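Quick notes on the structure that follows.
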Amino acid sequence: MQDFTNQRDASTLDEIWVLEHHRVFTQGQAGKAEHLLNQGDIPLVQSDRGGQVTYHGPGQLMIYLMLDLKRLNIGVRALVTHMEEALIDCLSGYGINAATKAGAPGVYVEGCKIASLGLRVRKGCSFHGLALNVDMDLSPFERINPCGYAGLKMVQMKDFHDAADVIELDLVASNLCKKIIHQLQYTQVNETQDAWVKHL
């Protein structure tokens, strides 16, 4: 992400990266050590994103947004809103009623956090992005104060859906990417290559 952002120029196309991580705690730039309660056997990586400590692991959808915010003519706050709205819209398609919480970035279901956000902007371009808990082992979250909030309960899509086989990570990824693209007002120009463009 750092290399891509450092090397891009005004002609570089925006990209959305979709992945899963191995088990890892990541600590944001302003992260406080006191929020890592019991690291145990899970590695800790210092990250250059915003925010505090969080956990990533298999069954959690990671989406990194490599966007030229100057070209999109949006600021960080607007990008965060677009990300949250895309998550809420995507979850609604699975019958999950999610919402934002004032002063606490991310998306919540019944007061519990289901998706976390963490961004960095350099040269007017964003990197890092969001983590959506789909079908994973949530127990490592008990070893930290997630996002710096003691006692914050983390949940996942599987908890709110009876048909577990419907919650497939790849399908959720595809659906959420489409919601993000729609929020950012891109239009598709090449269906075979999954290429999109933003008309200004």
Side-chain angles (χ1 to χ4, degrees), residues 1-5 16-66 80 83-84 86-88 90-91 94 96 98-122 126-162 164-173 176-177:
M1 289 187 293
Q2 293 171 340
D3 289 344
F4 179 87
T5 302
I16 297 177
W17 296 1
V18 180
L19 61 146
E20 286 177 274
H21 282 305
H22 295 295
R23 294 178 358 129
V24 64
F25 292 120
T26 65
Q27 183 78 280
Q29 282 187 305
K32 297 178 181 178
E34 65 209 52
H35 294 305
L36 181 63
L37 308 176
N38 176 20
Q39 181 178 342
D41 61 344
I42 300 176
L44 173 67
V45 173
Q46 294 297 324
S47 172
D48 60 350
R49 62 165 170 78
Q52 295 283 335
V53 66
T54 193
Y55 169 74
H56 302 305
Q60 182 188 62
L61 174 61
M62 301 297 304
I63 295 187
Y64 291 146
L65 301 175
M66 322 298 287
V80 168
M83 293 163 67
E84 291 172 336
L87 282 159
I88 290 169
C90 178
L91 290 167
Y94 291 87
I96 300 171
T100 57
K101 186 183 289 188
V107 172
Y108 300 79
V109 179
E110 299 173 5
C112 303
K113 197 166 196 177
I114 195 168
S116 303
L117 311 181
L119 289 169
R120 178 75 189 272
V121 175
R122 182 182 295 156
S126 69
F127 55 109
H128 292 288
L130 64 87
L132 173 61
N133 303 334
V134 179
D135 183 359
M136 63 184 298
D137 175 13
L138 293 174
S139 63
F141 284 108
E142 298 171 7
R143 303 189 196 180
I144 62 175
N145 292 329
C147 306
Y149 293 95
L152 176 63
K153 184 178 179 185
M154 304 296 290
V155 292
Q156 58 187 329
M157 292 179 67
K158 182 183 177 184
D159 296 337
F160 302 96
H161 209 288
D162 293 333
D165 58 326
V166 176
I167 308 295
E168 297 178 7
L169 197 77
D170 289 350
L171 185 56
V172 175
L176 181 52
C177 284

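Heads up: numbering here begins at 1 and tracks the sequence. Quantities reported herein were computed from a predicted structural model and do not represent experimental measurements.
A 4.5 Å side-chain heavy-atom check between Leu171 and Tyr94 finds at least one atom pair inside the cut-off. With contacts defined as side-chain heavy-atom distances shorter than 4.5 Å, the pair Ile63/Leu132 does not qualify. With contacts defined as side-chain heavy-atom distances shorter than 4.5 Å, the pair Leu130/Val107 does not qualify. Contact check for Gln60 versus His21: no side-chain heavy atoms found under the 4.5 Å cut-off. A heavy-atom distance below 4.5 Å is not found between the side chains of Val155 and Glu110. Side-chain contact check for Val53 versus Asn145: every heavy-atom pair is 4.5 Å or farther apart. Residues Leu138 and Asp159 meet the side-chain proximity criterion, which asks for heavy atoms closer than 4.5 Å. For the pair Pro58/Met136, no side-chain contact is recorded, criterion being any heavy-atom separation below 4.5 Å from C-beta on.
Taking every heavy atom of both residues into account, Leu152 and Gly111 meet most closely at CD1-O, 4.4 Å. In terms of heavy atoms, Ala173 sits closest to Val18 at CB-CG1, 3.7 Å. Heavy-atom minimum distance, Ser47 versus Thr26: CB-CB, 4.4 Å. The nearest pair of heavy atoms linking Gln52 to Lys32 is OE1-N, 2.8 Å. Residue Leu37 comes nearest to Glu142 through the heavy atom pair CD1-O, 4.3 Å, listed as atom of the first residue, atom of the second, then distance. In this structure, Gly103 and Tyr149 approach most closely via the heavy-atom pair O-OH, 3.4 Å.
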> When you look at Leu119 and Met83, which way does the side chain to side chain contact (heavy atoms under 4.5 Å, CB included) test go after all the steps?
Replying inline: CA-CA 11 Å; Leu119 289 169; Met83 293 163 67; 3.9 Å; yes
>> Between Gln2 and Arg122, is the side chain to side chain contact (heavy atoms under 4.5 Å, CB included) condition met? List the steps.
In response: CA-CA 9 Å; Gln2 293 171 340; Arg122 182 182 295 156; 4.2 Å; yes
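The distance from atom NZ of Lys158 to atom CD1 of Ile96, rounded to the nearest 0.5 Å, is 13.0 Å. The CD atom of Glu20 sits 8.0 Å away from atom CG of Leu61, with the distance rounded to the nearest 0.5 Å. Between Leu117 atom CG and His128 atom NE2 the span is 13.0 Å, to the nearest 0.5 Å. To the nearest 0.5 Å, the span separating OG on Ser116 from CZ on Arg49 amounts to 8.5 Å. The OH atom of Tyr108 lies 13.5 Å from the CG atom of Leu91; values are rounded to the nearest 0.5 Å. Atom CG of Asn133 sits about 10.5 Å away from atom CE of Met157, to the nearest 0.5 Å.
Heavy-atom neighbours of Asn38 CG from other residues, nucleotides or ligands within 6.0 Å: above the threshold of 12. More than 12 heavy atoms of other residues, nucleotides or ligands lie within 6.0 Å of NZ in Lys101, so this atom counts as buried by the packing criterion. Applying the 6.0 Å contact sphere to CD of Glu34 captures more than 12 heavy atoms from other residues, nucleotides or ligands.
Side chain of Gln39 to main chain of Ile42: a donor-acceptor pair is present (N/O by atom type, distance under 3.5 Å, no hydrogens or angles).
Asp48 and Gln29 share no donor-acceptor pair across their side chains, judged by distance under 3.5 Å alone.
Using cut-offs of 30° and 60° on the angle between ring planes, the pair Phe141 and Tyr55 is perpendicular.
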